[in-house]
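Below: one structure, written as structure tokens.
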Amino acid sequence: MENVKKGATIQSLEIGMGIIDLITKHGRPIKFSEIQELSQTTKSNLYKYLNTFTQLGILYRDKGSGAYLLGSKLVEYGMAAVDQENVLDRITPYLELLNSKTSSTVLFSIWTNNGPMVIKMFNVSQGFNIGATIGTLLPLFSAAGKIFMAFSNQDIIQSWKESESKRIPQKQLQQLEKEILTIKEKEIAFAREPLVPSVSSVSFPVLNYKKDLLGAVAIVGFSDQIPKNESDPHSEFILEISRQISKSFGYIS
């Protein structure tokens with residue numbers, strides 16, 4: 001195989017990937033003016049890059065706010081890279097069941113280098129704003145974020161934990177550490193309105209026979225429809241689905 005010579009690169013591609021990297025690391029939808037300021041790309045060139053990426057599905061432009069975020073094609077590439085397609089095929093019937101029975105939005109997220117990312121969503125209503133879309137990176141205090149805190153390899157998530165922890169008061173971090181111990185035991189996590197007012201979530205891990213975390217399932221809806229703790233009657237149904245999913249991957253609790 002011929003060695004690639006140092007410097008033998010396509011500059012325009014490097015600039016384009018730099019823009020993608022900037023949007024990824026920003027952690028939330030970002031508007032054209034912000035991208036232009038941070039990337040120092042001329043407006044005419046930036047428009048061409050963003051328009052091309054949007055048409056290819058690599059980026060998604062929200063019609064309401066005009067902000068950009070990672071698109072479905074980029075998520076598809078990521079799924080292929082981490083070999084998650086078989087996982088999705090297996091759990092999709094369970095996610096559909098949860099969506100139907102809870103009348104709430106159901107998300108499935110996996111670990112990426114930038115943190116937990118939503119890669120599958122079953123929406124109860126297209127007009128219902130839960131503060132997340134496919135490609136959204138989930139914060140530490142979301143229910144799914146807590147699942148990754150509790151069940152992920154700590155070395156892998158260390159930089160994410162450190163980055164997220166900088167924004168959180170020490171007292172809250174101490175409370176979270178105690179909560180994580182309970183989550184490990186009960187295998188279910190709860191979050192009250194972590195992203196959007198009046199919208200809460202409950203999440204559980206998808207584990208395999210090696211007790212490795214394959215991803216996290218989260219049920220998101222209006223706070224009065226989402227259970228607050230494991231003693232809630234709705235939690236038992238959610239835990240039963242959780243056990244069935246992980247059992248299909250050989251996990252024994």
Quiz item: Does a side-chain N-to-carboxylate-O contact under 4.0 Å join K161 and E177?
Solution: no
Practice problem: Rounded to the nearest 0.5 Å, what's the gap from CG on L59 to CD1 on I35? Could you check? | Solution: 7.5 Å
Quiz item: Can E34 and R28 be counted as an ion pair, charged N to O under 4.0 angstrom?
Solution: yes
Quiz item: Could you give the distance from CD1 (I19) to OG (S39), rounded to the nearest 0.5 Å?
Solution: 5.5 Å
Exercise. Of all the heavy-atom pairs spanning L239 and K186, show the shortest one and how long it is.
Key: CD2-O, 3.7 Å
Exercise. Might you confirm whether atom CG of N113 has over 12 heavy atoms from other residues, nucleotides or ligands at distances under 6.0 Å?
Key: no
Practice problem: Might you point out which heavy atoms bring K120 and L95 nearest each other, and give the distance in Å? | Solution: CG-CD1, 4.4 Å
Exercise. To the nearest 0.5 Å, tell me how far I219 CD1 sits from F190 CZ.
Key: 9.5 Å
Practice problem: Check whether more than 12 heavy atoms from other residues, nucleotides or ligands sit under 6.0 Å from atom CG of L181, and answer yes or no. | Solution: yes
Quiz item: If you measure only the distance, is there a donor-acceptor pair under 3.5 Å linking the side chains of S235 and E230?
Solution: no
Quiz item: Looking just at side-chain N and O atoms, do T105 and N123 make a donor-acceptor pair shorter than 3.5 Å?
Solution: yes
Self-check item: NZ/NE/NH1/NH2 to OD/OE distance under 4.0 Å, D232 and K228
Solution: no
Self-check item: Flag for E240-Q244: side-chain donor and acceptor within less than 3.5 Å
Solution: yes
Self-check item: Pairwise distance NZ(K31) to OH(Y68) - rounded to 0.5 angstrom
Solution: 12.0 Å
Practice problem: For the pair W111 and W160, name the ring-plane relationship: parallel under 30°, tilted 30 to 60°, perpendicular over 60°. | Solution: perpendicular
Quiz item: Roughly how far, to the nearest 0.5 Å, is the CD atom of E236 from the OG atom of S242?
Solution: 10.5 Å
Quiz item: Considering all heavy atoms of both residues, which atom of A191 and which atom of S142 are nearest to each other, and what is their separation?
Solution: CB-C, 3.9 Å
Exercise. Answer yes if the side chains of Q36 and Y47 hold a donor-acceptor pair under 3.5 Å, and no otherwise.
Key: no
Quiz item: Can you name the nearest heavy-atom pair linking F141 to I168, along with the distance?
Solution: CE1-CD1, 3.2 Å
Quiz item: Going through the distances and angles, do E37 and K43 end up as a salt bridge (charged side-chain N to carboxylate O under 4.0 Å, His left out)?
Solution: CA-CA 10 Å; E37 181 180 351; K43 290 184 178 181; over 6 Å; no
Practice problem: May I ask you to check whether S65 and D62 show a side-chain donor-acceptor distance below 3.5 Å? | Solution: yes
Exercise. Work out which heavy atom in S200 is nearest to a heavy atom in I226; give both atom names and the distance.
Key: O-CG1, 3.6 Å
